[in-house]
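Whatever order the structure lists them in is the order used to number ligands and atoms, beginning at 1. In what follows, every heavy atom counts, from backbone to side chain, and hydrogens, waters and symmetry copies are set aside. In this text, all values refer to a predicted model and were calculated from it rather than measured experimentally.
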Amino acid sequence: MNGIRYFDHAATTSVNENVLKEMLPYFSIEYGNPSSIYSIGRRNRKVIEEARQKVARVINAKPQEIYFTGCGSESDNLAIKGMAYSLKERGNHIITSKIEHHAILNTCKTLEKEGFYITYLNVDKDGLIDLEELREAINKKTILISIMTANNEVGTIEPIKEIGKIAKDNNVYFHTDSVQAIGNMKIDVQEMNIDSLSMSAHKFYGPKGVGALYVRKSVPFSKIQDGGHQEKDKRAGTENVAGIVGLGKAIELSYKNIDEYNKKLTELREYYISQIEKRIPNIKLNGHRINRLPGNVNISFKDVDGGELLLKLDEKGICASTGSACNSGSAEPSHVLTAMGVKPEYLDGSLRITFGEENTKEDVDYLVDNLEKIVKECRT
Ligand SMILES: *Cc1c(COP(=O)(O)O)cnc(C)c1O
């Protein structure tokens, strides 16, 4: 890939070439509007429904429970606001966590201004929420729990099945932001009692600008955008046919070899961690040691400036991140690491490496060789 070593798959991925191939006709010859009744329109309706089936199959939902959106952020907005507005007669309390993506946190901030009351659960040093604190936070006004499946900055996987059970036992709906999880772990919305789930194609080798939202059939939610009746009247706007075809193909391919893919990424991750531990002193692994996404490693280098580290890595053709891509450039410390109680001397120098399909062990050696030198430079 043009001399670049890419270790930022949690920020975005390249489009798989088979995905791209499947998408291309829908930009040109198959350009019909899926709402039109003539054949090039009807054919596009058909491929959208096929993509819906592929998404439903992977998470064990029904095709009618899948809605296509413009991105993961939109899916989160539609789920949280849609449920909040439609359940507001029943209650105005929502429970989430301090380490959610801003698509959830800022949606909750907006709802606070509109009279909703939000509880932000703490996390422990590994980034896990406390199930007892969750149980205690539920009251008569609670309508929704929103906890991410896996954290984008540190990779920690939350106890989703247990959260789903608590939600069900208390008659509260459960949304989970699975944007990092889909393509990286198996999810079954029945077994895990998930009522609503977000995903985004560009995080699993699909195109940018298309997402999906699952909402259980029995869960009421209102639309947040007015217009035509597309997506069962929940998401107005002519469908992104090529994008939806790409999302469907990408999710299908991701889960075809998921065990093998996870094994490969876990091996790279463990090799990287062991090399860093062996060769660089004064480091701290952020996130849970075991309950974490296979390809995610977040390590803090004591007394190192993360921004400087990234620039020096970039000079060597290495793409990595200090945490959330959406935050880089901002001087504020990560809200995730802060919530996990990471000490000040370890806050600035965090480096998130997220492995993917094209990475090899040789890439990891190149990365560690450079890191060893660069961290030394940054510390002097
Ligand atoms: C990337 C990401 C999002 C946002 O998805 P977009 O498609 O970029 O809007 C939301 N939540 C998490 C956890 C993410 O990693």
Under 3.5 Å between any N/O of G72 and any N/O of ligand 1: does that happen in this structure?
yes
State, without any angle test, whether N298 and E153 hold a side-chain donor-acceptor pair at a distance under 3.5 Å.
no
With heavy-atom distances below 4.0 Å as the criterion, list the atoms of ligand 1 near S200.
6 (P), 7 (O)
Quick one about T12 and K208 (side-chain donor to acceptor, distance below 3.5 Å, no hydrogens or angles considered), yes or no?
yes
Mark up the atoms of ligand 1 that fall under 4.0 Å of a heavy atom belonging to K203, in ascending order.
1 (C), 2 (C), 3 (C), 14 (C), 15 (O)
A student checking ligand 1 against H202 at a 4.0 Å heavy-atom cut-off should list atoms 6 (P), 7 (O), 8 (O)
Should you measure from each heavy atom of N152, which atoms of ligand 1 turn up under 4.0 Å away?
13 (C), 15 (O)
Measuring centre to centre across the rings, with the benzene-like ring taken for any Trp, is F221 within less than 6.0 Å of Y173?
no
From the candidates K208, H101, E74, the one that places a heavy atom nearest atom 3 (C) of ligand 1
H101
What part of C71 sits under 4.0 Å from ligand 1 if we count only heavy atoms: the side chain, the backbone, both or neither?
both
Report, in ascending order of atom number, the atoms of ligand 1 lying under 4.0 Å from any heavy atom of S73.
4 (C), 5 (O), 6 (P), 9 (O)
Just one of P333, S300, S334 clears the side-chain contact (heavy atoms from CB on, under 4.5 Å) bar with S350, so which one?
S300
Please determine, by modelled atom types, if H175 and S196 share a side-chain donor-acceptor pair under 3.5 angstrom.
yes
Between D195 and Y214, is any side-chain donor less than 3.5 angstrom from a side-chain acceptor?
no
